[in-house]
Every structure is written in structure tokens, then in C-alpha cells.
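To start, the structure itself, in C-alpha cells.
A quick note: this is a predicted structure, and the numbers were derived from the prediction, not measured. Here is the naming used below: chain letters follow the sequence lines, and residue numbers restart at 1 for every chain.
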Number of protein chains: 2
Amino acid sequence: MPCNLLRMDPVEEVRYLVLAAQREGNRALAAALRPLGVTPAQGEVLRLLAERQPLSLSGLGALLVCESGANPSRLVDRLVAAGLVRREGGVADRRHVQLTLTPDGRRAARGAAEAEAALHAHIAEAATGRDLDAVRDFLRALVGDRGAGLAVARRAGRAE
Amino acid sequence: MPCNLLRMDPVEEVRYLVLAAQREGNRALAAALRPLGVTPAQGEVLRLLAERQPLSLSGLGALLVCESGANPSRLVDRLVAAGLVRREGGVADRRHVQLTLTPDGRRAARGAAEAEAALHAHIAEAATGRDLDAVRDFLRALVGDRGAGLAVARRAGRAE
DNA sequence: TGTAACTTAATGACACGACATTTAATCCAG
DNA sequence: CTGGATTAAATGTCGTGTCATTAAGTTACA
């Protein structure tokens with residue numbers, strides 16, 4: 001009885017819409033990446049390495065928005081097993097691993113960039129006639145600088 | 001080279017901020033629910049049943065924003081094992097399961113409501129001085145009526 | 001120097017989340 | 001009334017995502 005008469009609180013609806021947007025974006029991206037044999041999380045790793053290799057596991061973890069807190073050992077494991085990433089022991093500090101793309105990994109990163117472009121076009125379309133910067137500012141305030149929010153800030157060049 | 005001089009595209013930043021907001025919201029909610037021994041996904045089931053029981057598995061699945069596509073058999077399994085939900089065979093149609101809350105489940109649903117209220121207060125705080133309705137409208141346009149977006153629309157009374 | 005604090009990565013455990021397949025119950029066209 | 005399509009639920013599989021612990025390497029300080 002409560003829900004056809006009572007409208008949902010805008011705050012609660014925004015909470016669920018954020019969840020829904022993440023889910024649908026992830027589904028769309030997964031579908032676009034499937035022909036490459038790569039998942040969205042793996043695609044994020046490939047894109048980061050293409051721009052900033054070499055990276056250590058913890059350096060990568062600091063920039064990943066997915067898998068924000070922990071170290072992405074197992075995420076990288078699968079990319080190494082797939083032959084897309086090389087994992088070499090560090091020289092100066094033997095704790096640090098050096099992650100780099102293989103030639104196949106570079107190719108997959110290019111494909112992932114195209115899949116992301118399609119998703120970005122979809123977001124841009126939903127933003128036509130709206131103030132996307134206001135949405136961005138709200139989301140920045142919402143995530144603050146904890147965990148995943150800090151990773152985005154680092155990616156955007158707003159924090160080191 | 002690319003990232004301290006080149007600002008990130010607002011569209012791409014919004015994409016990652018949506019992901020980050022979902023992650024951080026989920027982490028905060030998980031922490032608030034942990035004393036109850038319940039996860040955010042389980043909390044969503046408890047809240048839905050508290051308002052709309054009895055529900056079948058597919059009816060529940062149509063309203064869940066998490067786990068949007070599939071049937072939430074295993075999600076419910078754990079709630080039944082925890083003694084929070086009762087799962088009874090249907091009468092008219094023996095395929096349909098009847099899900100209802102146990103007294104413990106009603107109690108857990110009340111606790112989950114309090115944990116959600118804290119998250120909603122955090123969202124409301126990030127929205128002060130901003131146009132939350134505009135954010136909501138953008139996110140509605142973004143998710144459309146596919147999968148999780150449709151579940152939100154149903155919850156908000158915008159669709160049956 | 002030597003040891004305690006710290007950092008990095010690996011790993012165990014558990015619960016999703018998405019897709020696909022299977023099984024059982026119901027519906028419906030002929 | 002019957003046999004194929006449809007629907008509901010369960011289940012298999014794989015890849016996260018989070019928290020915790022462990023082990024190894026490095027730093028810092030008494």
C-alpha cells in the first residue's frame with residue numbers, strides 16, 4: 001500500500017539511481033568488452049597501464065576506482081594468465097612489482113578504449129540539455145576523498 | 001605525461017564518480033549493517049519484504065536494484081538460513097514461492113532502515129546548496145528503463 | 001648493528017553479480 | 001486431452017569486491 005500514493009524520497013531515489021547507473025554501465029561495458037575477452041575491471045587496469053606503465057600493484061591500486069581499497073593481486077593474476085600483462089620483480093625495492101603491458105595487452109587496451117568511448121557517448125547523450133558539471137560537483141562532494149573518491153581525484157589530476 | 005596537464009573529460013569523470021559513489025555508499029552501508037549481521041543486498045531484500053510481503057522470487061527480483069536481472073535465489077537462501085525470511089511454496093501456482101519476514105527478519109529490517117537513514121543523511125548533506133532534482137533527472141535519463149533503472153522506477157511508483 | 005615498525009604483495013574466506021543451463025509447474029493451441 | 005511453449009526457481013560457473021591474515025622486504029631508530 002505505501003508506494004503508488006507516496007512518492008519516493010528524492011534522496012533515496014538518487015541513492016538507488018546511483019546503484020542502478022553503476023550496474024547498467026557495467027553491464028553495457030561488459031557486453032562491449034566481451035569480444036575482447038576482457039572484463040570492465042580488467043579493462044580499467046589495461047587503460048591505466050597503457051597511460052602510466054610501469055606501475056606497482058599498490059600504485060595501480062591507488063588509481064583503480066573499482067577494487068579501491070585492497071591490492072589488486074588477483075585482478076592482475078588473470079591478466080598475466082591471459083598474456084596481457086607482464087609482472088616483473090622490482091630492482092631497487094624487491095617488494096615492488098613492475099607491471100607492464102605485453103603487445104597483446106596494448107592491443108586489448110586500444111579495444112577497451114573504443115568500448116569506453118561508446119559508453120561515454122551514452123552518458124553525453126543523457127546529459128544533453130543538462131548541467132553535467134553540476135552533477136560532477138555533486139558526486140565529487142558525495143564521494144569526498146575516501147577510497148574510490150581519492151582514486152578518481154588522482155586520475156583527474158586533482159590530487160597526487 | 002598525460003594527466004597532470006590534461007584535465008579529465010567531465011563525461012569520463014562522471015562515469016568514474018558514479019562507480020566511486022556506488023562503492024563508497026556500499027562500503028558505508030556495509031559497515032553500518034555489519035552489527036546486524038546483514039549485507040547491503042540482504043538489507044534491500046528485508047526492506048522490500050517489510051513493505052510489500054509476501055513476494056515471490058521473481059516479484060522480488062523485479063524490485064531489486066542490486067541483482068537486477070537474475071532471480072535472487074541465493075540471496076534469499078542466506079536470509080532463510082539466517083532465520084530472517086520464510087520461504088513457502090505457493091498455493092495457486094506451485095512454482096511461485098511465498099517470501100515473508102520472520103519476527104527476527106522484521107527486527108533486522110527496522111535496523112536496516114536506521115542504517116539507510118544515516119546514508120541518506122550523508123547524501124542530503126552533499127546535496128545542500130545543490131539541485132538534487134536535477135541530479136535525479138540526469139540519472140533517470142542515464143539509466144533509462146533497462147534492468148536496474150526499471151526496478152527503481154517501479155520502486156518510485158513511476159512504473160508497474 | 002639490530003630489531004621493531006612499516007610497506008608490499010599474496011592469499012584465505014565469504015558474499016555478491018552476471019550469464020547460462022536445468023528442472024518443475026503451468027498454459028495453451030490443436 | 002495432450003504435447004510443445006512459457007514461466008518460476010534452482011543451480012553451475014566465473015570474476016569480482018571486501019575484509020582479514022601472512023610472509024617477505026625495507027626503513028628507521030635506539
Side-chain angles (χ1 to χ4, degrees), chain A residues 19-20 22-34 36-45 55-62 64-82 84 87-99 146-148 151, chain B residues 19-20 22-34 37-45 54-62 64-82 85 87-99 146-148 151:
Chain A
L19 175 55
Q22 189 274 322
R23 287 283 191 277
E24 289 305 313
N26 205 60
R27 279 165 44 86
L29 195 53
L33 290 173
R34 194 157 308 132
L36 298 171
V38 160
T39 67
Q42 294 169 0
E44 196 182 347
V45 172
L55 283 172
S56 67
L57 269 176
S58 58
L60 179 63
L64 280 176
V65 183
C66 72
E67 200 116 350
S68 48
N71 62 40
S73 281
R74 281 171 283 217
L75 183 53
V76 169
D77 279 349
R78 295 190 188 90
L79 291 168
V80 172
L84 304 179
R87 175 206 252 136
E88 292 166 316
V91 195
D93 187 334
R94 268 190 315 210
R95 289 172 304 181
H96 278 81
V97 158
Q98 292 243 326
L99 303 172
R146 279 156 289 109
Chain B
L19 175 53
Q22 189 274 323
R23 288 284 192 277
E24 289 305 314
N26 206 59
R27 279 165 44 84
L29 195 54
L33 290 173
R34 193 157 308 132
V38 160
T39 67
Q42 293 169 1
E44 195 181 347
V45 172
L55 283 172
S56 66
L57 268 175
S58 56
L60 178 64
L64 281 175
V65 182
C66 73
E67 201 115 348
S68 49
N71 62 42
S73 280
R74 280 171 285 216
L75 184 53
V76 168
D77 279 349
R78 296 189 190 91
L79 291 168
V80 171
V85 166
R87 174 206 252 135
E88 292 166 316
V91 195
D93 188 334
R94 268 190 315 212
R95 288 174 305 180
H96 277 82
V97 159
Q98 292 242 327
L99 302 172
R146 280 156 288 108

Asp77(A) atom CG is separated from dT11(C) atom P, nearest whole Å, by 7 Å

Separation of dT13(D) atom P from Arg34(A) atom CZ, nearest Å, is 19 Å

| query | Which part of the nucleic acid, if any, lies within contact of Asn71(A), taking any heavy atom under 4.0 Å across all strands shown: a base, the sugar-phosphate backbone alone, or nothing? | reply | base

>> Test side-chain contact (heavy atoms from CB on, under 4.5 Å) on Val38(A) and Leu84(A); report intermediate values, then the result.
In response: CA-CA 10 Å; Val38(A) 160; Leu84(A) 304 179; 4.0 Å; yes

Taken to the nearest 0.5 Å, the spacing of Leu19(A) CG from Glu44(B) CD works out to 6.5 Å

For the residue pair Arg23(B) and Val65(A), establish whether any side-chain heavy-atom pair is separated by less than 4.5 Å.
no

Taking dG12(D), dT16(D), dA8(D) as options, the one with an atom nearest any side-chain atom of Thr39(A) is dT16(D)

Under 4.0 Å: is that the gap between some side-chain N or O of Arg27(B) and OP1 or OP2 of dC19(D)? yes

(message) Please determine whether side-chain contact (heavy atoms from CB on, under 4.5 Å) holds for the pair Leu64(B) and Leu75(B), giving the CA-CA distance in whole Å, both sets of side-chain angles, and the decisive distance to 0.1 Å.
(response) CA-CA 11 Å; Leu64(B) 281 175; Leu75(B) 184 53; 4.1 Å; yes

Side-chain N,O (Arg23(A)) to OP1/OP2 (dA18(C)) below 4.0 Å: yes

Per atom distances to the Arg95(B) side chain, the nearest of dA9(D), dA9(C), dT26(C) is dT26(C)

Quick note, Leu57(A) side chain, CB onward, closest among dA9(D), dT26(D), dA10(C) is dA10(C)

Per nearest nucleotide of DNA chain C, the residue lying toward the 5' end, Asn26(A) or Gln98(A), is Gln98(A)

When rounded to whole Å, the CZ to C1' distance for the pair Arg94(B) and dA10(D) reads 17 Å

Original post:
Using a cut-off of 4.0 Å on non-hydrogen atoms, how would the nucleic acid contact of Ala31(A) be classed: base, sugar-phosphate, or nothing?
Top reply: nothing

Notebook entry, point to check: Tell me, do Asp77(A) and Arg87(A) make a side-chain contact under 4.5 Å, heavy atoms counted?
Noted result: yes

Atom CG of Leu33(A) and atom P of dA18(C) are separated, to the nearest Å, by 15 Å

Here the distance between atom P of dC16(C) and atom CG of Leu29(B), to the nearest Å, is 12 Å

Of the listed dA9(D), dA10(C), dT26(C), the closest approach to the Val97(B) side chain comes from dA9(D)

Winner on side-chain proximity to Ser58(B), out of dA8(D), dG17(D), dA9(C), is dA8(D)

In whole angstroms, the gap separating C1' of dA10(D) from NE2 of His96(B) amounts to 15 Å

Check: dG12(C) base to Arg74(A) side chain: any donor-acceptor pair below 3.5 Å?
Finding: yes

Looking across every strand, which nucleic acid part, if any, lies under 4.0 Å from Ala92(B) by heavy atom: base, sugar-phosphate, or nothing? sugar-phosphate

- [ ] Ignoring backbone atoms, test whether Gln22(B) places a side-chain nitrogen or oxygen under 4.0 Å from the OP1 or OP2 oxygen of dG17(D).
- [x] no

Practice problem: Report yes if some heavy atom in the side chain of Pro72(A) is under 4.5 Å from a heavy atom in the side chain of Leu57(A); otherwise report no. | Solution: yes

Leu75(B) CG to dA9(D) C1', in whole Å, measures 14 Å

Atom CZ of Arg78(B) and atom P of dT11(D) are separated, to the nearest Å, by 13 Å

